[in-house]
Asks: 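Dropping the structure in here first, questions after.
Here the structure is a predicted model, which is why all the values come from computation and not from measurement. To find a chain, count down the sequence lines: A is the first, B the second, and so on, and within it residues start at 1.
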There are 2 protein chains.
Amino acid sequence: MDKEEQESRCEQCIIRQFNALRAMSKEELKKVSDSKMVRKIKKGESIFEEGEKLNGVFCVRNGVSKLSKLSANGKDQIVKLATKGEVMGQRSVIAEEHSNLSAVAVNDMEVCYIPKESIVHTLKSNPDFTVEVLRHMAHDLREADDVIVNMSQKTVKQRVAEAFLYLKNNFGEDKEGFLMLTLSREDIANVVGTATESCIRIISEFRKKGFLKTSGKRIGIADERKLQDLVEGF
Amino acid sequence: MDKEEQESRCEQCIIRQFNALRAMSKEELKKVSDSKMVRKIKKGESIFEEGEKLNGVFCVRNGVSKLSKLSANGKDQIVKLATKGEVMGQRSVIAEEHSNLSAVAVNDMEVCYIPKESIVHTLKSNPDFTVEVLRHMAHDLREADDVIVNMSQKTVKQRVAEAFLYLKNNFGEDKEGFLMLTLSREDIANVVGTATESCIRIISEFRKKGFLKTSGKRIGIADERKLQDLVEGF
DNA sequence: ACATAGATATGATAATTGTCAGCTTTTCAA
DNA sequence: TTGAAAAGCTGACAATTATCATATCTATGT
């Protein structure tokens, strides 16, 4: 077993610590590892589509994927950004429904595809694993509730401010102080649920006020305190 | 065992068919039944509050409860309406977090309080039950995703129209054609995520256009087709 | 029945947000 | 390197939605 092959064994995979797979037994993990497939996905490529029947889940090893849903007016609403260690598609596999979301790579990615059999079998036989999955889903549900409240009770400006704080806290910033995860203005608008132009306008405003700094499409947070105040309604 | 006592046994409870309790064994159910407490709650009374630590879950036997979250601007956002057969508080119990939502009775209710021990123990030992809970939570999560998209991509008018269709489909209407579940205009506004005045205005408009009919605070759907068209953007 | 608090209704106005059009800058592949 | 094409930006304007003020109705307890 060479180095690369070794690293691609689930048993050795560090990523696993962040998700429910850590509750699997050695034997179960071995099965998963044997049945999984590593896939490289380029920026902009689709991983799965809304309405598609998923026969497995995707575990993110590297990169970021946007999970979105097309609305009647033709705009995508980004519901979640999935990053290293997160599992995509588990909701659909568990509920045995077609996917309610599309997944598209925001940058180059590496994901493991795990056929549902490996998962479903363990769900039925290893309660620790099932409870662990349940915990993760409970967490996702709480986050979704929070998003609902933000969407309906906060202004667009507050939501934009919050989005940048979220990006900083979850993806970090480089040495120059720019956000590690660079999204297009359109993607930001789709996270926030607003028109691209409105989003751009607000970013400009924040830049003029010294809350943000920009360089091309890169954006950095210049005054976190002020952004935070804005989110909280001051 | 008299009739009332018999009906209050979980083993006999029909409600159970609608939730994850149906996956419990006879013995497990007996334990739950012995530890549960039936509680009557009057309209407007609170069942639990946001931030409260829940030591059990609430199974709705009768009536409807609104699950809401207070936003920074002082308004409640109603995230879900829980009705007969639904279990409230399970997310918090499973995630071992304080509740992220408040539950208030919309009309007179009867709920069973089930201490978390009965649940948690079964979660660890009966995978069928755990998977069933997981399925329900997966379903809730999907619904939450849909709400996010609606909130951020639909106009207030569309959301109001959708809310009435939802109320009709989930709670039905009486012989006169009024919705069985009567919510105050303020509650409707809090479901839709808008100002109470805006909500009232839109209801008036819909009445004038013949989409709805009203009688005091009761509201009925007069033209489902037109409401549906509106939701879909015509 | 009646008073009254709370809910519903409506107008006027302000603030927010979306849409369309046109322009400039950046990005990326030939 | 360069020239489309895409992304970013800005102005003007329209549409939507919130806010405040005030009036009317209605449910509820006494």
Side-chain angles (χ1 to χ4, degrees), chain A residues 42-45 71-77 104 106-108 150-161 163 178-179 182-209 212-220 230-231 233, chain B residues 42-44 71-77 104 106-108 150-161 163-164 178-179 182-209 212-220 230-231 233:
Chain A
K42 288 217 197 71
K43 175 176 174 175
E45 275 182 17
S71 74
N73 63 16
K75 276 189 195 159
D76 261 334
Q77 174 64 38
V104 173
V106 169
N107 42 35
D108 290 353
N150 283 340
M151 285 297 175
S152 47
Q153 304 282 358
K154 293 206 163 107
T155 64
V156 174
K157 217 173 277 191
Q158 288 177 309
R159 270 142 52 200
V160 172
F178 290 103
L179 294 169
T182 298
L183 294 176
S184 70
R185 306 294 197 261
E186 187 180 3
D187 278 345
I188 298 169
N190 289 346
V191 166
V192 166
T194 189
T196 307
E197 296 95 322
S198 299
C199 182
I200 289 174
R201 233 183 278 276
I202 289 169
I203 291 172
S204 293
E205 184 192 330
F206 285 176
R207 182 171 34 71
K208 282 172 197 153
K209 286 187 175 163
L212 295 177
K213 58 181 176 181
T214 66
S215 162
K217 62 187 308 174
R218 292 190 307 159
I219 295 178
L230 212 156
V231 170
Chain B
K42 290 218 196 71
K43 176 178 172 173
S71 76
N73 63 16
K75 275 188 196 159
D76 262 333
Q77 174 64 37
V104 172
V106 168
N107 43 34
D108 290 354
N150 283 339
M151 285 297 176
S152 46
Q153 303 283 0
K154 293 205 163 108
T155 65
V156 173
K157 219 174 273 190
Q158 288 176 309
R159 271 143 50 200
V160 171
F164 285 117
F178 289 102
L179 293 168
T182 299
L183 294 175
S184 70
R185 307 292 198 262
E186 187 180 3
D187 278 344
I188 298 169
N190 289 345
V191 167
V192 165
T194 189
T196 307
E197 297 95 320
S198 299
C199 181
I200 288 174
R201 235 182 277 278
I202 289 169
I203 291 172
S204 293
E205 184 193 329
F206 285 175
R207 182 171 34 71
K208 282 171 196 152
K209 285 187 176 162
L212 295 176
K213 58 182 176 179
T214 66
S215 161
K217 63 186 309 173
R218 291 190 306 160
I219 295 177
L230 212 155
V231 170

Asks: Check residues 189-201 of chain B and write down every donor-acceptor pair under 3.5 Å in which the side-chain atom is one partner and the other belongs to a residue at least two apart or another chain.
Replies:
none

Asks: What do the steps show when you test B:Ser152 against A:Met151 for side chain to side chain contact (heavy atoms under 4.5 Å, CB included), and what is the final call?
Replies: CA-CA 6 Å; B:Ser152 46; A:Met151 285 297 175; 3.7 Å; yes

Asks: One character per nucleotide, please: for nucleotides 18-30 of chain C, 5' to 3', B when the base has a protein heavy atom closer than 4.0 Å, S when only the sugar-phosphate does, - otherwise.
Replies: BBB----------

Asks: Let me see the working for B:Ile188 and B:Ile219 under side chain to side chain contact (heavy atoms under 4.5 Å, CB included), right down to the final yes or no.
Replies: CA-CA 11 Å; B:Ile188 298 169; B:Ile219 295 177; 4.1 Å; yes

Asks: Per the end-axis method with five pairs at each terminus, what is the bend angle of the helix from C:dA1-D:dT30 to C:dA30-D:dT1, to 10°?
Replies: 50°

Asks: Once you round to the nearest 0.5 Å, how far does CD of B:Gln77 lie from CG of A:Asn150?
Replies: 10.0 Å

Asks: Expressed in angstrom and rounded to an integer, what is the separation of B:Ile188 atom CD1 from C:dA7 atom P?
Replies: 13 Å

Asks: Give the rounded distance in Å between these two atoms: CZ of B:Phe206 and P of C:dA9.
Replies: 14 Å

Asks: Any donor and acceptor pair, going by atom type alone, linking the side chain of A:Arg159 with main-chain N or O of A:Lys154 inside 3.5 Å?
Replies: yes

Asks: Does OP1 or OP2 of C:dT8 have a side-chain N or O of B:Ser204 closer than 4.0 Å?
Replies: no

Asks: Anything under 4.0 Å to a heavy atom of chain A counts; send over the first and last such nucleotide of DNA chain D, read 5' to 3'.
Replies: D:dG8 to D:dA12

Asks: How long is the gap from CD1 on A:Ile202 to CG on A:Leu230, to the nearest 0.5 Å?
Replies: 9.5 Å

Asks: Could you give the CD-to-P distance, from A:Gln158 to C:dT16, as a whole number of Å?
Replies: 10 Å

Asks: Could you state the atom-to-atom distance from CD1 of B:Ile219 to C1' of C:dA7 in whole Å?
Replies: 12 Å

Asks: Calculate the interatomic distance between A:Asn190 atom CG and C:dT17 atom C1'; express it in whole Å.
Replies: 16 Å

Asks: Is a donor on one side and an acceptor on the other found under 3.5 Å between the side chain of A:Asn73 and the backbone of B:Gly233?
Replies: no

Asks: In whole angstroms, how far is the P atom of C:dT16 from the NZ atom of A:Lys154?
Replies: 17 Å

Asks: Which is more 5' along DNA chain D, the nucleotide nearest B:Arg159 or the one nearest A:Arg207? Just name the residue.
Replies: A:Arg207

Asks: Taking all non-hydrogen atoms of both residues, which atom of A:Lys43 and which atom of A:Val106 are closest, and how far apart?
Replies: CG-O, 3.4 Å

Asks: Does A:Lys157 have any salt bridge (charged side-chain N to carboxylate O under 4.0 Å, His left out) partners at least two apart in sequence or in another chain, and if so, which?
Replies: A:Glu205

Asks: Rounding to an integer number of Å, can you tell me how far B:Arg185 CZ sits from C:dT10 P?
Replies: 10 Å

Asks: Sort and list the pairs that fulfil salt bridge (Lys or Arg N to Asp or Glu O under 4.0 Å) and have at least one residue in residues 182-195 of chain B, not counting sequence neighbours.
Replies: B:Lys66-B:Asp187

Asks: For the residue pair A:Thr214 and A:Phe178, what are the closest heavy atoms and their distance?
Replies: C-CE2, 4.1 Å

Asks: Under 4.0 Å, counting only non-hydrogen atoms across every strand here, what does B:Thr196 touch: a base, just sugar-phosphate, or nothing?
Replies: nothing

